[in-house]
Amino acid sequence: MKPDSHPLWFCGFRPFFVLTAASAAGFLGVWLLLLSGAGPSGWQPPGGVLLWHAHELVFGFGMAAAAGFLLTAIPEFTGAAPIAPRPLAALALLWLAARAAYVLGQWLPPAAAAVLAGAPNLLFTALLLGRLAPALWRDPRRAHLGFAWVLGGLLLAQAGFFAALALGGDGLVWIHGAIDLTMILILLAGSRVSMSVLNGYIEAGRPGAPPPTDSYLARPPRRYLAIFAIGLCGAAQAGLGDGPVVGWTALAASAAVLNVLNDWHVGRPLFTRWALMLYACFWFIALGYGAMGLAWLLDAWPVSAARHLLTAGAMGLSIFAIMNLAGRIHSGRWLDRRPWLPAAACALVAAALARAAAGLPALAPWSGVLILAAGAVWAGAYAVYLGHAWPALAGPRTDGRAGCAEPPGKQPGPTSGPESGC
């Protein structure tokens, strides 16, 4: 397969959305086998299987999705040149090498394993940041520079994770910080995508589509407050561990995200599959921090169960929604209106709620069954996505255009304000 000629390498979202969906189904499938006792005997990646699972969810699955979105969206936001096929293929291969390096580290001493696994993972994030940061900085308005700050934070969190692996420290602390940064990334991306979705720009030009409006505005002060509150909660977790102070900061983060949801209440445009998916992502963030806050304050359920509302819920559903939006529009196709898509989205919602409910004391006898069922449904939804999206991700465009261009007749969203974009 030559990167210069195969459609898979024509735009940043194509290979990375494939890797995102494949890793969701594959890595979670391995995790479920390990939980059920059917996994490979004696397999022990650096730090243990729990750390491997957490790292691959955030820095494998999550980073692949972030790379696909940002490599597509940042050139659109800033007018920069998109990534060429060969550098794109090199980045995808580096992502695969990073996944393999973590697994191979089990045969090395802890320090050497951390170096082996950490080097390609950190290099991937650093190269992605180096690719995107100059365009974000050169943009006269610098309206999207927050993406660079979040990527830089994720790079530092991953460096801290592998340093903890090498020195015998607590790697989960760094994973939790990376989850908070991922929630901030969802807020940043969601505010831009939601304007196109709720105002009708995403499919303007499709026959029969309603005319675009300006009924929805993602208000920066509300979003900035939510970002600050999530950052404060993350800092409190890192500095204080558990306790009531951390619980109150989590409740503050939940309230700030609920405040952001007020922007969405614009009437009829909210009640479409695309808007509701993105709306539910923000609800999962609010519920996740709220449930974690109550766990720290009341000790009513495990914090880890509540945190799955952020990972399986907000993260899983937002990535699914973005892949179905950007992955269709930027491959020259209108959005997929078949019934499998809302069914898969509902399956992701149900799986996230079931995984969180598995930590409730009242459901303790069924905890194992709930965890396995939730994981299987969640992985299955992404497998279904990959089957349906493969022709668009790896096939040629059908509209006569090239690269990441949008379909003929599609009108862009507003370009004069700081919230413009995909």
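Everything numeric here is computed off the predicted structure, so don't read it as measured data.
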State, with a plain yes or no, whether a side-chain heavy atom of [X] is found less than 4.5 Å away from one of [Y].
{"X": "Trp296", "Y": "Leu251", "answer": "no"}
{"X": "Tyr385", "Y": "Leu393", "answer": "yes"}
{"X": "Phe161", "Y": "Val173", "answer": "no"}
{"X": "Arg14", "Y": "Trp9", "answer": "no"}
{"X": "Leu128", "Y": "Leu71", "answer": "yes"}
{"X": "Asn199", "Y": "Val266", "answer": "no"}
{"X": "Phe69", "Y": "Ile74", "answer": "no"}
{"X": "Ile371", "Y": "Arg355", "answer": "yes"}

Gap between atom [atom2] of [Y] and atom [atom1] of [X] - 0.5 Å precision:
{"X": "Met183", "Y": "Asp180", "atom1": "CE", "atom2": "CG", "value": "8.0 Å"}
{"X": "Asn324", "Y": "Ile319", "atom1": "CG", "atom2": "CD1", "value": "12.5 Å"}
{"X": "Phe284", "Y": "Thr311", "atom1": "CZ", "atom2": "OG1", "value": "10.0 Å"}
{"X": "Asp336", "Y": "His388", "atom1": "CG", "atom2": "NE2", "value": "7.5 Å"}
{"X": "Thr398", "Y": "Trp334", "atom1": "OG1", "atom2": "CH2", "value": "11.0 Å"}
{"X": "Met292", "Y": "Asp242", "atom1": "CE", "atom2": "CG", "value": "11.0 Å"}

Ignoring hydrogens and geometry, is there a side-chain-to-backbone donor-acceptor pair from [X] to [Y] under 3.5 Å?
{"X": "Tyr382", "Y": "Gly316", "value": "yes"}
{"X": "Thr125", "Y": "Leu122", "value": "no"}
{"X": "Trp52", "Y": "Pro46", "value": "no"}
{"X": "Arg397", "Y": "Arg333", "value": "no"}
{"X": "Ser254", "Y": "Leu287", "value": "no"}
{"X": "Asp263", "Y": "Ala218", "value": "no"}
{"X": "Ser318", "Y": "Ile186", "value": "no"}
{"X": "Trp301", "Y": "Ala291", "value": "yes"}
{"X": "Asp170", "Y": "Ala164", "value": "no"}

Exceeds 12 heavy-atom contacts within 6.0 angstrom, atom CZ of Arg268
no

Whether over 12 other heavy atoms sit under 6.0 Å from Trp149 CH2
no

Which heavy atom of [X] sits nearest to which heavy atom of [Y], and what is that distance?
{"X": "Phe147", "Y": "Leu188", "answer": "CE2-CB, 3.8 Å"}
{"X": "Gly200", "Y": "Pro212", "answer": "O-CG, 4.3 Å"}
{"X": "Ala374", "Y": "Ala354", "answer": "CB-CB, 4.0 Å"}
{"X": "Val260", "Y": "Ala226", "answer": "CG2-CB, 3.8 Å"}
{"X": "Cys404", "Y": "His330", "answer": "O-ND1, 2.8 Å"}
{"X": "Leu309", "Y": "Gly288", "answer": "CB-CA, 3.7 Å"}

Side-chain donor-acceptor pair present, Trp283, Tyr279, cut-off under 3.5 Å:
yes

Cation-pi check for Trp137 against Arg142: NZ or CZ below 6.0 Å from the six-membered ring centre and within 45 degrees of the axis, yes or no?
yes

Given side-chain contact (heavy atoms from CB on, under 4.5 Å), test Ile83 with Leu91 step by step and report yes or no.
CA-CA 10 Å; Ile83 187 170; Leu91 266 181; 4.0 Å; yes

Hits for side chain to side chain contact (heavy atoms under 4.5 Å, CB included) against Leu325, two or more places apart or cross-chain, chain-then-number order -> Val193, Val197, Ile202, Trp274, Leu278, Leu335

Determine, step by step, whether Met277 and Leu341 satisfy the side-chain contact (heavy atoms from CB on, under 4.5 Å) criterion, reporting the C-alpha distance in whole Å, the side-chain angles of both residues, the deciding distance to 0.1 Å, and the verdict.
CA-CA 11 Å; Met277 275 193 283; Leu341 197 149; 3.5 Å; yes

Using the rule side chain to side chain contact (heavy atoms under 4.5 Å, CB included), only one of Leu19, Thr182, Leu151 pairs with Met63; which is it?
Leu151

Would you call the rings of Phe162 and His55 parallel, tilted or perpendicular if under 30° counts as parallel and over 60° as perpendicular?
perpendicular

What do the steps show when you test Phe124 against Phe16 for ring-ring contact (aromatic ring centres under 6.0 Å, His included), and what is the final call?
CA-CA 13 Å; Phe124 175 84; Phe16 282 108; 5.8 Å; yes

What do you reckon, are the aromatic ring centroids of Trp31 and Phe27 less than 6.0 Å apart?
no

Trp378/Leu348 under side-chain contact (heavy atoms from CB on, under 4.5 Å): CA gap, chis, key distance, verdict
CA-CA 5 Å; Trp378 196 88; Leu348 288 172; 3.4 Å; yes

side-chain contact (heavy atoms from CB on, under 4.5 Å) assessment of Arg273 paired with Leu276:
CA-CA 5 Å; Arg273 64 176 65 180; Leu276 287 174; over 6 Å; no

